[in-house]
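For reference, the structure discussed in these notes is given below.
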Amino acid sequence: MDKNWSDMNKEMQTLISKEATFAEGINKLIEMRDSVFEQITQIVKTYPVKAFSEMPYPKASGYHSKTLAYSIWHIFRIEDIVAHELIKNDEQILFKYDFISKVRSPIITTGNELQGEEIAEFSGKLDIQALYEYAQAVKLSTEEILKELTFKDTKRKFTGEDRQKLIDTKCVSEDENAFWLIDYWCGKNLAGLIKMPFSRHHIMHVEAMRRIKNRLCELARKGVNPIAYCGFSCNHCFMGEWCGSCRTEYNACSFGTLFPDNKCPNVSCCQEKGLDGCYECDKLENCEVGFYSPTVGGCHDAKSSAMYIKKHGKKEFMKVHDRLKEKYSFEEIQANCGKSVEDALSFLEAN
């Protein structure tokens, strides 16, 4: 489990266990949920639609055997059902705002009953942007419910009536892989539901989403030039697990995502000129396009990299970065390359 999320989760559980710190615990829970949800946001913002129905680990037994789309649907269908049917006793977000037609889902269940190719087929039918908006709406509505709770409420238990109501909604499949959820939820008190599914369930599935997207990036980058158009080495970048490089559809470059279609001005310029990278351009030394603008953080690092490649070639550049990686952290390399283009180039040539 992600250490930061794990620590926040443990702190939250301690805080909500005491009346004096209960409200603080709810705030900690929401803080943790925000951090976890940010991972979903980054994936939705930067990955192509086809990524959401891919199953890079189809034979695995863990949560990473699913798809990105299924994971989002599953997390927030469970939360929607538990928060609104069981705790608030009002209408689910899926139906209240007609997300069922917006998302284009063929099911209203949690999806536990789906197996193998059924998951991929289901995922391919969903409108990913609408799915993300549904997830956002459920998250926010749940947090409004959480903020209204008192410590006394956490002792609340659920009845046979509550159980039957869940069965009647048909939102949990009668399949044996799904129906157990009803007894699981109704067997907990409200404090138990705060811990699972409102916290730990998110962490487990989003960590599985991380594994899925890492593998998709890895597959996308196979056989692709590991040097970005601007000159950065994708193999040595801190975004390596997130980004499939600006040469693929899985471009999640922290600078590139500031622009439409995740395509920064350096990428656009090179593609328009038919260049493999900025290092092939005869205007490189005086260029201030995109990442090379003096106002952009990391501009010296990027431009010096392109200048080194232009002078010494891509193979030598990659060897230098291999050596740098053995001696310095990514932050230390950036610090050494951050004073000026000339200093950064000298640093590369000295190694």
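Nothing fancy with the numbering, it's 1 onward along the sequence. Only heavy atoms go into these numbers, but all of them, side chains included; no hydrogens, no water, no symmetry mates. The shown structure was predicted, so the numbers you read here are calculated from the model rather than taken from an experiment.
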On a heavy-atom basis, which atom in [X] and which in [Y] lie closest, and how many Å separate them?
{"X": "Ala302", "Y": "Phe291", "value": "CB-CD1, 4.0 Å"}
{"X": "Val224", "Y": "Ser245", "value": "CG1-OG, 4.1 Å"}
{"X": "Ser199", "Y": "Lys195", "value": "OG-O, 2.6 Å"}

Which word best sums up how the rings of Tyr308 and Phe317 line up, parallel for under 30°, tilted for 30 to 60°, or perpendicular for over 60°?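 Tyr308 and Phe317: tilted rings.
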Strictly by modelled atom types, are [X] and [Y] linked by a side-chain donor-acceptor pair under 3.5 Å?
{"X": "His321", "Y": "Asn351", "result": "no"}
{"X": "Glu79", "Y": "His202", "result": "yes"}
{"X": "Lys325", "Y": "Asn235", "result": "no"}
{"X": "Asn9", "Y": "Ser6", "result": "no"}
{"X": "Asp175", "Y": "Asn177", "result": "yes"}
{"X": "Asp343", "Y": "Ser346", "result": "no"}

Distance in Å, [X] [atom1] paired with [Y] [atom2], rounded so as to fall on 0.5 Å steps:
{"X": "Tyr134", "Y": "Ile100", "atom1": "OH", "atom2": "CD1", "answer": "8.5 Å"}
{"X": "Met55", "Y": "Leu68", "atom1": "CE", "atom2": "CG", "answer": "11.0 Å"}
{"X": "Leu94", "Y": "Cys171", "atom1": "CG", "atom2": "SG", "answer": "7.0 Å"}
{"X": "Glu148", "Y": "Ile87", "atom1": "CD", "atom2": "CD1", "answer": "11.5 Å"}
{"X": "Met239", "Y": "Asn251", "atom1": "CE", "atom2": "CG", "answer": "8.5 Å"}
{"X": "Glu24", "Y": "Thr14", "atom1": "CD", "atom2": "OG1", "answer": "11.0 Å"}

Verify the neighbour count for atom [atom1] of [X]: are there more than 12 heavy atoms of other residues, nucleotides or ligands below 6.0 Å?
{"X": "Lys88", "atom1": "NZ", "value": "no"}
{"X": "Tyr97", "atom1": "OH", "value": "no"}
{"X": "Glu285", "atom1": "CD", "value": "yes"}
{"X": "Glu91", "atom1": "CD", "value": "yes"}
{"X": "Asp7", "atom1": "CG", "value": "yes"}
{"X": "Gln115", "atom1": "CD", "value": "yes"}
{"X": "Arg215", "atom1": "CZ", "value": "yes"}
{"X": "Lys3", "atom1": "NZ", "value": "no"}

Going hydrophobic residue to hydrophobic residue with side-chain gaps under 4.5 angstrom, can you get from Trp180 over to Val82?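 Yes; tracing contacts between hydrophobic side chains, which count when under 4.5 Å, links both residues.
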Quick one, Asp282 with Lys310, criterion salt bridge (charged side-chain N to carboxylate O under 4.0 Å, His left out). Give me CA distance, side-chain angles, the key distance, then yes/no. CA-CA 10 Å; Asp282 56 8; Lys310 187 173 186 178; over 6 Å; no
Does any part of the side chain of [Y], heavy atoms only, come nearer than 4.5 Å to the side chain of [X], both counted from C-beta?
{"X": "Thr142", "Y": "Arg33", "answer": "yes"}
{"X": "Tyr132", "Y": "Thr41", "answer": "yes"}
{"X": "Glu349", "Y": "Glu316", "answer": "no"}
{"X": "Leu149", "Y": "Phe22", "answer": "yes"}
{"X": "Val103", "Y": "Trp73", "answer": "yes"}
{"X": "Gln39", "Y": "Met209", "answer": "no"}
{"X": "Glu144", "Y": "Leu140", "answer": "no"}
{"X": "Leu86", "Y": "Leu166", "answer": "yes"}

Does anything in residues 43-60 pair up under side chain to side chain donor-acceptor pair (under 3.5 Å), and if so which pairs, sequence neighbours excluded?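 Checked against side chain to side chain donor-acceptor pair (under 3.5 Å) - neighbours excluded - the pairs reaching residues 43-60 are Lys50-Glu249.
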Do the ring centers of Phe232 and Phe255 come within less than 6.0 Å of each other?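 No, too far apart.
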Trace of the side-chain contact (heavy atoms from CB on, under 4.5 Å) decision for Thr169 with Ile81: CA-CA 9 Å; Thr169 66; Ile81 296 165; 5.5 Å; no
Could you tell me whether Glu143 and Lys139 make a salt bridge, using a distance below 4.0 angstrom between a side-chain N and a carboxylate O?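 Here Glu143 pairs with Lys139 in a salt bridge, since their nearest N and O are under 4.0 Å apart.
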Carboxylate-amine/guanidinium contact Glu161 Lys165, below 4.0 Å: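 Judged by the 4.0 Å cut-off on N to carboxylate O distance, Glu161 and Lys165 do not form a salt bridge.
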Do Lys263 and Phe259 meet the cation-pi criteria used here (NZ or CZ under 6.0 Å from the six-membered ring centre, within 45° of the axis)?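 No, a cation-pi geometry is absent between Lys263 and Phe259.
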Take Glu31 and Lys28 through the salt bridge (charged side-chain N to carboxylate O under 4.0 Å, His left out) test and state the conclusion after the steps. CA-CA 5 Å; Glu31 181 188 345; Lys28 179 59 66 174; 3.2 Å; yes
Salt bridge (charged side-chain N to carboxylate O under 4.0 Å, His left out) for Arg77 and Asp80? Distances and angles first, verdict last. CA-CA 5 Å; Arg77 278 307 291 132; Asp80 197 4; 3.2 Å; yes
Salt bridge (charged side-chain N to carboxylate O under 4.0 Å, His left out) for Arg163 and Asp183? Distances and angles first, verdict last. CA-CA 7 Å; Arg163 182 180 184 278; Asp183 289 326; 2.6 Å; yes
Take Trp185 and Ile78, measure what side-chain contact (heavy atoms from CB on, under 4.5 Å) needs, and give me the verdict at the end. CA-CA 10 Å; Trp185 298 331; Ile78 283 182; 3.8 Å; yes
